[in-house]
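A quick write-up on the structure given underneath.
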Protein chains: 2
Amino acid sequence: MNIILSHLKIQVNEKIYVKDPETSPLGKKIVEQSILLIDEIGFDNFTFKKLGEKIGSNESSIYRYFENKHKLLVYLSSWYWSWMEYKLVFATTNILDPTEKLNKAITIVTEKVTNDTSTEHINEAILNKIIIAEFTKTVQTKEVDQENKEGFFLIYKRVINRIVGIVKEVNPEYPFAKSLVSTIVEGSLHQHFLTEHLKTITDCNESVSTTEFYLNLTTNVLR
Amino acid sequence: MNIILSHLKIQVNEKIYVKDPETSPLGKKIVEQSILLIDEIGFDNFTFKKLGEKIGSNESSIYRYFENKHKLLVYLSSWYWSWMEYKLVFATTNILDPTEKLNKAITIVTEKVTNDTSTEHINEAILNKIIIAEFTKTVQTKEVDQENKEGFFLIYKRVINRIVGIVKEVNPEYPFAKSLVSTIVEGSLHQHFLTEHLKTITDCNESVSTTEFYLNLTTNVLR
DNA sequence: TCATTATTGATAGTAATACTATTATATTTG
DNA sequence: CAAATATAATAGTATTACTATCAATAATGA
């Protein structure tokens with residue numbers, strides 16, 4: 001996995017950035033350090049000025065890569081889901097049994113990411129923390145319909161629908177495949193958040209438990 | 001229901017506001033009109049200055065009721081979940097069969113709110129729209145642990161755990177009652193959002209469908 | 001290698017946001 | 001009617017979220 005990914009460039013919709021951050025050292029530094037800073041102070045308190053100070057670079061230079069911090073978060077999310085899609089594809093290819101394939105897929109999307117080192121400048125474990133804490137903010141805006149039209153959430157929707165395909169293999173009769181998968185993917189992020197902050201309304205406590213919960217749920221729903 | 005609620009004062013944690021908005025006409029106006037304005041322009045674009053202009057009142061007067069717009073949203077959410085708790089209690093009281101009671105409870109929390117007129121100055125249907133679009137923002141902040149300690153999310157957690165109790169009546173063996181219920185409650189908000197904005201990753205299309213999906217899911221999971 | 005071009009940095013500036021403070025003016029209540 | 005309270009008006013500050021301009025540096029290619 002690590003070997004394969006190190007040769008792959010994660011594809012992100014061009015409209016999300018002003019200049020592709022993958023094309024320069026400064027761009028990579030922006031992506032790398034923004035992940036650390038957002039994790040540290042939270043997206044709401046994050047500003048390009050603070051990021052500039054952190055990377056010893058000018059605020060205005062960052063604006064040459066991203067229009068605003070919202071777009072940067074959309075970029076990080078797209079990168080994350082694109083990376084997740086690779087993980088999904090590689091993990092489920094060659095598995096013939098649909099149930100086994102689905103279990104594998106659910107495990108991949110619901111488990112907490114720890115210490116994946118497939119890319120040099122992106123810390124996937126911390127990016128996963130950001131997605132857990134901030135992902136819904138990328139869609140929950142007044143501009144969602146416009147941005148959806150422009151393809152900002154394409155990769156996310158593709159990940160969902162890829163798993164929907166597997167669900168349909170397991171049980172073609174089940175009428176809520178899309179809602180089930182979107183509930184699992186978004187819900188598992190939420191469960192990880194609850195595990196961390198609102199422990200009294202979740203049973204999940206370690207990485208494995210969230211996955212267990214959703215594997216159990218899926219099995220019961222589709223049988 | 002309407003008659004009963006008109007005599008009830010929804011209780012909200014005192015720490016959320018500077019001055020209880022229920023105690024004055026201006027306070028009520030702030031609550032009433034903030035719901036309309038947040039629905040109209042979105043929470044991110046909402047400011048106390050704009051609200052002041054809308055209600056023909058001064059920005060500084062609003063600050064005497066709420067420290068900042070985040071606290072106002074927490075107040076609106078608390079009000080919503082408190083109101084939801086009343087609906088839950090009244091709808092499930094006197095139902096003896098646990099399964100029937102659970103189905104009723106799930107229907108209440110997952111269905112879209114339409115035209116409830118139990119309180120004069122709060123439009124519950126529009127408040128429901130705000131909760132669908134903005135609720136996660138009340139918890140997904142860097143201050144969540146501190147605010148949780150201060151009891152900001154108590155009512156929300158109580159609603160969840162009330163339903164958890166019913167789940168345990170239906171199936172005491174099921175090991176993920178809390179995660180199931182928090183997934184349903186948060187997930188149904190998300191499904192309503194998807195129905196409105198990202199239709200390709202949900203099967204829900206009208207109010208009834210989201211409820212159907214979760215009723216079906218719960219039945220399958222708990223049997 | 002030198003000239004061109006692209007990239008980054010530094011500085012300045014604007015409008016809006018998120019408040020706080022002060023004082024004046026109503027309004028309520030005892 | 002006086003005292004207390006609530007609201008409005010105005011002003012002011014620090015920060016945010018940018019945009020614009022120009023200088024300095026680095027990369028490239030003829």
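These numbers come from a predicted model, not from an experiment.
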Quick one: do Q11(A) and S82(A) satisfy side chain to side chain donor-acceptor pair (under 3.5 Å)? Show the steps, please. CA-CA 7 Å; Q11(A) 285 295 338; S82(A) 185; over 6 Å; no
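Rounded to whole Å, atom P of dT17(C) lies 20 Å from atom CD of E67(B). For I30(A) and dT8(C), the CD1 to C1' distance is 10 Å, given to the nearest whole Å. To the nearest angstrom, C1' of dA17(D) lies 17 Å from CZ of F66(A). Spacing between atom CD of E22(B) and atom C1' of dA6(D) amounts to 17 Å, rounded to whole angstrom units. Taking atom CD of E53(A) as the reference point, atom P of dA10(C) lies 12 Å away to the nearest angstrom. Separating the CG atom of L26(A) from the P atom of dA27(D) is a distance of 13 Å, rounded to the nearest angstrom. If you take CZ of F43(B) and C1' of dA18(C), they are 12 Å apart, rounded to a whole angstrom. Protein atom NZ of K69(A) is 14 Å distant from nucleotide atom P of dT17(C), rounded to whole Å.
No more than 12 heavy atoms of other residues, nucleotides or ligands lie within 6.0 Å of NZ in K104(A), so this atom counts as exposed by the packing criterion.
K29(B) comes within contact range of no nucleotide atom at all, as no heavy-atom separation falls under 4.0 Å.
Contact between the side-chain N/O atoms of T47(B) and the OP1/OP2 oxygens of dC19(C) is not found at any separation under 4.0 Å. In terms of phosphate contacts, K19(A) brings no side-chain nitrogen or oxygen within less than 4.0 Å of OP1 or OP2 of dA6(C). For the pair K50(A) and dT16(D), the criterion of a side-chain N or O lying under 4.0 Å from OP1 or OP2 is met. In this model, the phosphate group of dC19(C) is not approached by any side-chain N or O of K49(B) to a distance below 4.0 Å at OP1 or OP2.
Checked options Q33(B), E22(B), E32(B); the residue passing with H121(B) is E22(B) (criterion: side-chain hydrogen bond (donor to acceptor under 3.5 Å, both in side chains)).
Here salt bridge (charged side-chain N to carboxylate O under 4.0 Å, His left out) pairs that include residues 185-200 of chain B, with residues two or more places apart or in two chains, are K112(B)-E196(B).
Between G27(B) and N45(A), the residue anchored closer to the 5' end of DNA chain D is G27(B), taking for each the nucleotide with the nearest heavy atom.
For an aromatic pair to be called close, the ring centres must be under 6.0 Å apart, and F135(A) with W81(A) satisfies this. In this structure, F213(A) has its ring center closer than 6.0 angstrom to the ring center of F176(B).
Residues E111(A) and S207(A) bring no donor and acceptor atom of their side chains to less than 3.5 Å of each other.
Near DNA chain D, meaning a heavy atom under 4.0 Å away, the residues from residues 54-65 of chain A are E59(A), S60(A), Y63(A).
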